[in-house]
Student: 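Questions regarding the structure given below will be posed in turn.
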2 protein chains.
Amino acid sequence: MKKSVVTKVKLTRNQSLVLDSLIKAGQPSGAYALLDTLRPHGFKAPLQIYRALEQLIDLGLAHRLESLNAFIACSHVSCESSGATAFVICDKCETVQEICDESISNFLSSLARKTKIRASKSSIELHGLCNGCSAVSHS
Amino acid sequence: MKKSVVTKVKLTRNQSLVLDSLIKAGQPSGAYALLDTLRPHGFKAPLQIYRALEQLIDLGLAHRLESLNAFIACSHVSCESSGATAFVICDKCETVQEICDESISNFLSSLARKTKIRASKSSIELHGLCNGCSAVSHS
DNA sequence: GAAACATGTGTTATAATATTACATAAGTCA
DNA sequence: TGACTTATGTAATATTATAACACATGTTTC
């Protein structure tokens with residue numbers, strides 16, 4: 001669906017800093033949260049974040065979570081990023097599982113075929129309570 | 001996943017107006033676009049739109065498209081809204097196909113099982129070019 | 001009907017997210 | 001070097017969404 005298959009990309013300083021922040025966060029992070037984190041490194045405007053994110057996403061090193069307006073580092077060493085990725089999000093502890101297997105791409109292919117669309121981008125996000133949180137929250 | 005199974009709900013005036021606008025639009029509409037449409041009917045503030053939308057979505061009469069920050073009327077007479085709905089969106093003509101069959105719910109169940117999540121909400125959105133637009137755009 | 005409660009409304013202000021526009025700098029390649 | 005593309009800095013602004021408060025309407029219970 002996308003090209004990608006990145007072997008060795010040289011990230012710019014800004015891109016590296018944003019990616020590092022995302023990785024350290026280990027959670028979905030909003031653009032403005034990233035900005036605050038990076039102010040000590042000289043970042044001053046949201047655009048610096050958004051521009052870096054755009055690149056990282058194109059390279060498959062980061063993903064955008066549409067339902068959260070947030071971003072997360074790709075959890076695969078370097079996501080082959082067929083575009084066929086699903087995110088499973090715990091609404092309590094904010095843990096995100098990034099799933100990227102044949103069941104996802106098969107499902108998407110089948111959906112595209114049925115609806116006669118030439119697909120270019122997908123977003124699959126499942127919200128709920130993860131195993132741990134589900135056990136605790138017996139409200 | 002949701003309750004729903006709405007047989008006959010009495011919508012308030014605001015809710016009816018918003019739903020009518022959504023239906024007339026026949027396309028994804030942003031909250032502020034709806035507000036503009038409804039100013040002649042006395043709407044003045046975004047909150048009036050957002051509050052109506054919240055109800056309509058709870059009732060399964062409208063859906064939110066996360067990747068567009070937009071809303072659309074449910075295309076099923078009254079969506080049983082198992083929550084298992086997928087949206088296929090043409091980025092050119094903005095047509096949206098709302099798919100709601102077993103393949104969707106099976107896929108989501110399987111994903112929830114694999115990731116051990118107790119799912120409460122899902123969002124599946126596939127972007128691309130629809131059959132018609134795909135034929136034209138031979139750039 | 002009156003008291004108590006939940007739900008819907010109107011309105012103002014503000015928060016959170018994202019982009020436009022323009023000037024400058026740095027990397028790439030003929 | 002010159003031409004070109006890509007990245008950057010910065011300010012301003014656009015777009016989307018919510019908080020807070022006052023008031024009204026509806027429903028249930030007694």
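Protein chains get the first letters and strands the later ones, always in sequence-line order, with residue 1 at the start of each. Reckoned from all heavy atoms, side chains included, excluding hydrogens, waters and symmetry mates.
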Student: For residues 34-51 of chain B, which residues have at least one heavy atom under 4.0 Å from DNA chain C?
Tutor: B:Lys44, B:Ala45, B:Leu47, B:Gln48, B:Arg51
Student: Rounded to whole angstroms, how far apart are CG on B:Leu53 and P on C:dT9?
Tutor: 12 Å
Student: Mind listing the closest non-hydrogen atom pair of A:Ala73 and A:Glu98 along with its distance?
Tutor: O-OE1, 4.1 Å
Student: Hey, are A:Lys121 and B:Asp91 close enough for a salt bridge, meaning a charged N less than 4.0 Å from a carboxylate O?
Tutor: no
Student: Of B:His63, B:Glu94, B:Arg64, which is the lone residue that meets side chain to side chain contact (heavy atoms under 4.5 Å, CB included) with B:Ile72?
Tutor: B:His63
Student: Scan side-chain atoms only and decide if A:Ser103 and A:Asp101 contain a donor-acceptor pair under the 3.5 Å cut-off.
Tutor: yes
Student: Parallel under 30°, tilted from 30 to 60°, perpendicular over 60°: which one fits the rings of A:Tyr50 and A:Tyr32?
Tutor: perpendicular
Student: Taking 4.0 Å as the cut-off, does a side-chain nitrogen or oxygen of A:Thr12 come that near to OP1 or OP2 on D:dT8?
Tutor: yes
Student: Provide, to the nearest angstrom, the distance between the CD atom belonging to B:Gln15 and the P atom belonging to C:dT7.
Tutor: 13 Å
Student: Using OP1 and OP2 only, check whether a side-chain N or O of B:Arg13 sits under 4.0 Å from D:dT25.
Tutor: no
Student: Enter the distance from A:Arg51:CZ to A:Leu56:CG here, rounded to the nearest 0.5 Å.
Tutor: 14.0 Å
Student: Can you tell me how far CZ of B:Phe43 sits from CG of B:Asp36, rounded to the nearest 0.5 angstrom?
Tutor: 12.5 Å
Student: Find the distance A:Asn14:CG to D:dT10:C1' and express it as a whole number of Å.
Tutor: 13 Å
Student: So, does A:Asn69 get its side chain near the phosphate of C:dA16, meaning an N or O under 4.0 Å from OP1 or OP2?
Tutor: no
Student: CG of A:Leu11 versus P of D:dT6: gap in Å, rounded?
Tutor: 16 Å
Student: In whole angstrom, give the distance that lies between atom CG of A:Leu59 and atom P of D:dT6.
Tutor: 13 Å
Student: Expressed in angstrom and rounded to an integer, what is the separation of A:Glu66 atom CD from C:dT17 atom P?
Tutor: 14 Å
Student: Can you tell me how far CG of B:Leu111 sits from CD1 of B:Ile124, rounded to the nearest 0.5 angstrom?
Tutor: 8.5 Å
Student: In residues 26-33 of chain A, which ones come under 4.0 Å of DNA chain D, going by heavy atoms?
Tutor: none
Student: Using only heavy-atom distances, determine whether the side chains of A:Glu66 and B:Ser67 contain a donor-acceptor pair under 3.5 Å.
Tutor: no
